[in-house]
Chemist: 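Structure in structure tokens, see below.
None of the values given here were measured: they were computed from a predicted structure.
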Amino acid sequence: QVQLVESGGGLVQAGDSLRLSCAASGRTFSSDAMGWFRQAPGKAREFVAGIRWNFRFTYYPDSVKGRFTISRDNAKNTVYLQMNSLKPEDTAVYYCAASLRLLSWAQESSYNYWGQGTQVTVSS
């Protein structure tokens with residue numbers, strides 16, 4: 001089992017930055033990759049960033065590329081999502097997820113464990 005706890009969400013203004021954290025515990029050595037997703041009210045959950053644990057490989061969709069950066073601290077078993085130049089459309093609940101064997105970055109079914117989510121609200 002892997003437990004994930006997100007933190008760092010909040011209310012910010014458009015153009016501001018925010019850094020989310022995802023602390024992993026349990027059998028973290030068994031996970032292959034970590035991802036960040038977000039879900040806005042009335043919309044489907046959307047993949048926003050991914051990173052492999054053992055290699056410094058990252059992946060972003062075009063919607064956030066250049067603004068969001070995912071990183072990890074293996075010693076702390078923590079994954080971060082640095083979000084810059086935030087826009088009102090970035091408002092959502094942000095979730096981190098752990099994959100035991102990644103088949104597709106953006107596919108929710110590739111991820112085995114999920115955090116409870118943290119709210120990010122960007123005002124205009």
Chemist: At their closest point, which heavy atom of F47 faces which heavy atom of W105, and how far apart are they?
Modeler: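 Closest approach of F47 to W105, heavy atoms only: CD1-O, 3.3 Å.
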
Chemist: Using the side-chain contact (heavy atoms from CB on, under 4.5 Å) criterion, which residues pair with S25? Sequence neighbours excluded.
Modeler: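 Testing S25 for side-chain contact (heavy atoms from CB on, under 4.5 Å), a comparison that skips the adjacent residues, returns Q3.
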
Chemist: Roughly how far apart are F68 CZ and L86 CG, rounded to 0.5 Å?
Modeler: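 It is 5.5 Å, given to the nearest 0.5 Å.
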
Chemist: Less than 6.0 angstrom separating the ring centers of W114 and F37, yes or no?
Modeler: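 Yes, the ring centres sit under 6.0 Å apart.
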
Chemist: Who pairs with K87 by salt bridge (charged side-chain N to carboxylate O under 4.0 Å, His left out), at least two apart in sequence or on another chain?
Modeler: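 Not a single residue meets the salt bridge (charged side-chain N to carboxylate O under 4.0 Å, His left out) criterion with K87.
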
Chemist: Hey, are the side chains of L100 and Y113 touching, using non-hydrogen atoms and a 4.5 Å cut-off?
Modeler: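 Yes - at least one pair of side-chain heavy atoms lies under 4.5 Å apart.
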
Chemist: Mind checking side-chain hydrogen bond (donor to acceptor under 3.5 Å, both in side chains) for T121 and listing every partner two or more places apart, or none if nothing turns up?
Modeler: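 Once residues adjacent in sequence are excluded, the partners of T121 under the side-chain hydrogen bond (donor to acceptor under 3.5 Å, both in side chains) criterion are Q119.
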
Chemist: When you measure from the side chain of Q39 to the backbone N and O of A92, does any donor-acceptor pair fall under 3.5 Å?
Modeler: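 Answer holds: no.
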
Chemist: Heavy atoms, side chains only, cut-off 4.5 Å: are V120 and M83 in contact?
Modeler: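 The answer is yes; the side chains approach within 4.5 Å.
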
Chemist: A side-chain contact here means heavy atoms from C-beta on lying under 4.5 Å apart; do R52 and L102 qualify?
Modeler: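 Of all side-chain heavy-atom pairs linking L102 with R52, at least one is under 4.5 Å.
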
Chemist: Who passes side-chain hydrogen bond (donor to acceptor under 3.5 Å, both in side chains) against K76, sequence neighbours left out?
Modeler: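 Not a single residue meets the side-chain hydrogen bond (donor to acceptor under 3.5 Å, both in side chains) criterion with K76.
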
Chemist: Throw together a table of side-chain donor-acceptor distances under 3.5 angstrom for residues 11-24, partners on residues two or more places apart or in other chains.
Modeler:
unit_1, atom_1, unit_2, atom_2, d
D16, OD2, Q13, N, 3.1
S17, OG, N84, OD1, 2.9

Chemist: Calculate, to the nearest 0.5 Å, the distance between atoms CG and SG belonging to L81 and C96 respectively.
Modeler: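 Taking CG in L81 and SG in C96, the distance rounds to 10.0 Å.
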
Chemist: Minimum heavy-atom separation for A98 to L4, with atom names?
Modeler: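 Distance-wise, the nearest heavy atoms are N-CD1, 3.7 Å.
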
Chemist: Does Y95 have any ring-ring contact (aromatic ring centres under 6.0 Å, His included) partners at least two apart in sequence or in another chain, and if so, which?
Modeler: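 With neighbours one apart ignored, the set is empty.
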
Chemist: My understanding is that only residues two or more places apart in sequence, or in another chain, count here; which of them pass side-chain contact (heavy atoms from CB on, under 4.5 Å) with S63?
Modeler: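 Expected list: R38, E46, P61.
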
Chemist: Find out whether R67 and Y60 are in side-chain contact, i.e. whether some heavy atom of one side chain is under 4.5 Å from a heavy atom of the other.
Modeler: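 No, their side chains stay 4.5 Å or more apart.
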
Chemist: Shortest non-hydrogen contact from S110 to S99?
Modeler: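 What the structure gives for the nearest pair is O-OG, 2.7 Å.
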
Chemist: Can you name the side-chain contact (heavy atoms from CB on, under 4.5 Å) partners of S71, sequence neighbours left out?
Modeler: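 For S71, the residues satisfying side-chain contact (heavy atoms from CB on, under 4.5 Å) (neighbours in sequence not counted) are Y80.
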
Chemist: Would you check if R72 and M34 make a side-chain contact, meaning some heavy-atom pair closer than 4.5 Å?
Modeler: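 The answer is no, as the side chains (C-beta and beyond) never meet within the 4.5 Å cut-off.
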
